[in-house]
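Here the structure comes first, spelled out in structure tokens, and everything after it is commentary.
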Amino acid sequence: MLHIRKSSRASWHGPASTGSGTLDLGRRGASLPFSLRSRVGDEPATNPEELLGSALAGCFSMSLANLAEEAGTPVESVDAVAVVHLVQTPEGFRIPTVELSCVVHAPGAAEERVLEMAEQAERTCPVRLLYNADVTLKVEVRS
């Protein structure tokens, strides 16, 4: 059985309202700044929700490409976007919804088959399985 371990790190300095931190991703050491202002405002940095969206979009894209390859279906590219909704509730902040959309370039592939594989990729990609949220999927197939 294959067991893969990957790690990332976060560090934070100061109070939540004025402090900031860095998110260090993987082995290459890419370091991304984040803060409350980048989470709820438009400060040019990232936030945990954007990283969750990137992780889902990346995992979904790779899963769909893998399913297409296994099926012998020609998929040239998958461009995916995940919109993560962070909502304040009486119990605290929650992520109730994620909108996953993609454009699949599949010259010569049957649109119905690509849609089936996209739905399967959304149901089975490991990052998707972590979500306790409704994930909606919208797929556009281009030849």
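Heavy-atom basis, side chains included; hydrogens, waters and symmetry copies ignored. Owing to the predicted nature of the structure, the values given are computational and were not obtained by experimental measurement.
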State which residues pass side chain to side chain donor-acceptor pair (under 3.5 Å) with [X]; sequence neighbours excluded, sorted by chain then number.
| X | value |
| --- | --- |
| H105 | none |
| T22 | S11 |
| Q120 | none |

E140 bridged to K138 by N-O distance under 4.0 Å: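 The answer is no: the pair does not qualify as a salt bridge.
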
Side chain proximity check, [X] to [Y], heavy atoms < 4.5 angstrom:
| X | Y | result |
| --- | --- | --- |
| E122 | R128 | yes |
| L52 | Y131 | yes |
| F60 | L100 | yes |

Any residue meeting side chain to side chain contact (heavy atoms under 4.5 Å, CB included) with A65, in chain and number order, not counting sequence neighbours: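 Applying side chain to side chain contact (heavy atoms under 4.5 Å, CB included) to A65 gives none.
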
Please enumerate all residues that pass side chain to side chain contact (heavy atoms under 4.5 Å, CB included) together with A109, with sequence neighbours excluded.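 Expected list: T73, P74, A106, V114.
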
For the residue pair A68 and V75, what are the closest heavy atoms and their distance?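 So the two residues come closest at CB-CG2, 3.4 Å.
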
Nearest heavy atoms of M117 and A71, plus distance in Å: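 The answer is SD-CB, 4.1 Å.
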
Around E112, counting heavy atoms of other residues, nucleotides and ligands shown, do more than 12 lie under 6.0 Å from its CD?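 For E112, atom CD is not crowded (no more than 12 foreign heavy atoms under 6.0 Å).
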
Does R94 have more than 12 heavy atoms from other residues, nucleotides or ligands lying within 6.0 Å of its CZ?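 Atom CZ in R94 is packed in, count exceeds 12.
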
Listing request: all side chain to side chain donor-acceptor pair (under 3.5 Å) pairs with a residue in residues 75-87, at least two apart in sequence or in separate chains.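 Found H85-E99.
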
